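In what follows, a structure is listed as structure tokens, so that the remarks can point back to it.
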Amino acid sequence: MEAVETASRSTSRSLRRVGILYDERMCRHHTPDDEPHPENPNRIRAIWNKLQSAGISQRCEVLSAKEAEDKYILSVHGKSHVDLIRNISSQQYNSRRNRIASKLNSIYLNEGSSEAAYLAAGSVIEVAKRVAKGELDSAFAIVRPPGHHAEHDEAMGFCLFNNVAIATNFLLNEKELGINKILIVDWDVHHGNGTQKTFWKDPRVLFFSVHRHEFGSFYPSNDDGDYTMIGEGPGAGYNINVPWENGRCGDADYLAVWDHILIPVAKQFNPDMILISAGFDAAVGDPLGGCCVTPYGYAMLLRKLMDFARGKIVLALEGGYNLASISNSALACMEVLLDEKIVTGSTEAYPFESTWRVIQVVRQELKAFWSVLADEVPTKLISQKAPIPKILISSCDSEAEDVEELLQEVIRPLSTLRVDEDCRVLAESASVSWRSDLSNIDIWYATFGSNMWKPRFLFYIEGGQVDGMQKLCSGSMDKRPPKEILWKIFPHRLFFGRESTRTWGLGGVAFLHPESKNEDIVHMCLYRITLEQFNDVLHQENISSYDMSSPLFDLTSLDCVKEKGSINLEAVKKGWYHNVVYLGMERDIPILTMTCDLSDIENFKSGKVPLHAPSEDYANTLVKGLVEGGQLSEEEAVSYIKEAATKPL
Ligand code: X5A
Ligand code: ZN
């Protein structure tokens with residue numbers, strides 16, 4: 001024990017006493033034949049390695065795991081469940097173990113499961129006890145298996161024991177700790193059904209969960225996570241669910257929920273301690289979550305909670321399945337725990353309209369219990385919302401083999417995000433300096449295809465995901481909207497080529513002939529964005545495995561394109577829009593577009609790659625852009641597109 005008492009306070013230690021618990025023994029729980037599984041030992045290893053190499057663990061009090069005593073586990077789980085988990089890894093169960101696991105919902109078991117489950121629960125108890133006693137200000141328990149789905153008599157959703165619920169009961173039952181009211185914040189992307197049930201009638205525990213729900217179709221796929229589930233009897237009002245209607249929620253959505261639900265209620269509840277079911281599967285890049293919270297977002301969410309319970313906060317890991325995302329998110333949280341510095345900054349993006357709606361219904365549902373929720377949310381706020389995504393990743397389409405690969409590649413540049421001392425989102429070292437260099441240079445990005453339609457283009461800046469499909473726009477690192485938008489006509493040829501694309505299905509997509517010719521005209525919508533943002537757009541349009549550690553198109557390329565008229569980008573040469581074309585200047589700012597190159601034009605002409613009219617959906621998007629942009633009437637737009645689609649090259 002006594003890591004805490006005996007540890008000498010070296011100068012590199014933080015003034016805040018922050019505990020961190022990691023224990024390799026929790027890695028012994030894995031799938032029976034080590035088949036791939038998202039909930040695998042590398043999750044906690046990745047986090048631990050990241051925190052070590054970032055110098056975080058050195059500034060913390062490092063603790064190792066301790067098995068929970070049965071009497072504490074029994075405060076949450078039934079005897080038969082505890083007996084099962086205690087014995088499941090023993091030899092007598094060798095022949096039955098897999099069969100038992102297969103009867104459970106999303107559970108695997110092996111020889112290491114029992115020990116890991118006891119250690120995970122015991123570890124959260126251990127750090128919670130130390131924080132309660134004041135030996136530590138706050139702490140992070142890097143545990144697995146996770147816990148929040150585990151119910152009284154049931155392991156489920158990768159969870160064996162409900163670690164956070166067990167630690168919560170421990171704190172409440174050890175009367176001399178003086179912890180009488182506990183706030184549990186469950187920001188794992190899934191609903192904390194097990195925790196909710198444990199404290200359903202208990203007013204000492206305010207359980208708050210924000211999760212994807214999709215009207216009961218997201219895991220665990222029932223109505224338990226609905227906003228109408230507010231607790232019962234003396235516990236009525238002490239259970240708050242914020243159910244997302246869709247994936248793709250990000251920092252702006254979570255922060256809106258914090259500002260308009262959780263923080264006011266926390267103020268009124270005035271907890272003695274806060275436990276966070278800190279899954280990081282709402283993080284950008286998570287393969288299961290489909291949301292896009294950045295490390296900066298997690299830092300803000302945590303920072304806002306530190307104003308309560310005199311900063312007595314315990315984070316316990318729950319889900320989170322992208323190793324880079326969870327490591328960077330955990331790192332951002334640790335920096336907040338260690339720093340007294342105030343996190344400032346704001347996200348430029350707005351919450352979704354559905355987010356405001358959910359916030360309103362939750363407030364409505366709970367206002368009888370929490371007077372701070374009684375006022376209407378100002379309409380001025382609600383009117384600030386992100387557009388509803390209809391179409392994603394436009395005409396992108398290098399033909400990446402499968403969606404998973406595609407997803408990984410779109411997300412990679414963002415999954416390496418981290419947060420600097422001022423809690424600004426940064427990319428991993430190398431990319432930082434080019435980004436700040438290019439963020440001060442404006443260009444006009446001239447669009448001739450689906451990006452002419454502004455809501456469509458904004459996805460390349462703000463990021464987002466289409467309903468159903470796993471297609472995600474990572475957005476730009478810098479989410480400021482374009483500074484100006486204007487339309488211009490250029491003497492270039494618009495045409496449609498290829499037979500089908502991943503995004504638009506059958507039908508051609510728009511290309512601009514890179515060379516100008518006097519008899520041609522093309523309508524273009526110009527967005528004034530930074531050269532940094534232009535790089536992120538280029539990357540998203542040409543989905544590739546390029547990692548963005550250096551820019552695709554830098555100042556030298558800009559000089560070069562001004563001189564030569566166009567420039568091919570080697571790093572994304574498989575993409576269909578890898579050719580950057582210079583279209584002149586507008587108010588001293590260069591106009592750039594991206595299209596195919598001259599060799600592609602030859603292939604189109606020879607028929608090697610067919611010309612092809614756009615699909616109806618795609619054509620409609622183009623028409624919408626031209627009409628909403630005030631350029632052409634609908635009939636004019638339709639015939640303009642039709643001509644471009646039928647005239648030979
Ligand atoms: C802890 C957690 C997710 C279970 C998903 C099962 N569980 N399909 O994130
Ligand atoms: Zn989860």
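We use all heavy atoms of the structure for the numbers below, so side chains are in, but hydrogens, waters and symmetry mates are not. Computed from a predicted structure; not experimentally measured. Atoms within each ligand, like the ligands themselves, are counted from 1 in listed order.
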Quiz item: Could an N or O of ligand 1 be found under 3.5 Å from any N or O of Glu318, whether backbone or side chain?
Solution: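 Checking ligand 1 against Glu318, no N or O pair falls under 3.5 Å apart.
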
Quiz item: Is there at least one pair of N or O atoms, one from Phe158 and one from ligand 1, spaced under 3.5 Å apart?
Solution: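 Checking ligand 1 against Phe158, no N or O pair falls under 3.5 Å apart.
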
Quiz prompt | Given His191, His211, His148, the one that forms side-chain hydrogen bond (donor to acceptor under 3.5 Å, both in side chains) with Asp186 | solution = His148

Looking at [X] and [Y], does any basic side-chain N land under 4.0 Å from a carboxylate oxygen?
X: Lys479; Y: Glu462; value: no
X: Glu61; Y: Arg130; value: no
X: Arg363; Y: Glu365; value: no

Quiz prompt | NZ (Lys201) with more than 12 external heavy atoms under 6.0 Å | solution =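 Open.
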
Ligand-residue contact atoms, ligand 1 with [X], heavy atoms, under 4.0 Å:
X: Asp281; value: 9 (O)
X: His148; value: 1 (C)
X: Tyr321; value: 1 (C), 2 (C), 3 (C), 7 (N), 9 (O)
X: Pro146; value: 1 (C)

Self-check item: Residue His190, metal the Zn ion (ligand 2), N/O/S under 2.8 Å
Solution: yes

Practice problem: Taking both backbone and side-chain atoms into account, decide whether Glu318 has an N/O/S atom under 2.8 Å from the Zn ion (ligand 2). | Solution: no

Quiz prompt | Within 45° cone and under 6.0 Å: Arg248 NZ/CZ vs Phe352 ring | solution =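 Checked: cation-pi criterion met.
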
Quiz item: Given that the side chain starts at C-beta and the backbone is N, CA, C, O, which of these parts of His149 lies under 4.0 Å from ligand 1, counting heavy atoms, or is it both or neither?
Solution: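 Answer for His149: side chain.
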
Practice problem: Classify the side-chain pair Trp200/Gln196 by whether it contains a donor and acceptor separated by less than 3.5 Å. | Solution: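 There is no such pair between these side chains.
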
Practice problem: Distance to 0.1 Å, residue and atom name: give those for the protein heavy atom nearest to atom 7 (N) of ligand 1. | Solution: Gly157 O, 3.0 Å

Quiz item: Which heavy atom of the protein is the closest neighbour of atom 6 (C) of ligand 1, given with residue, atom name and distance?
Solution: Ser106 OG, 3.5 Å

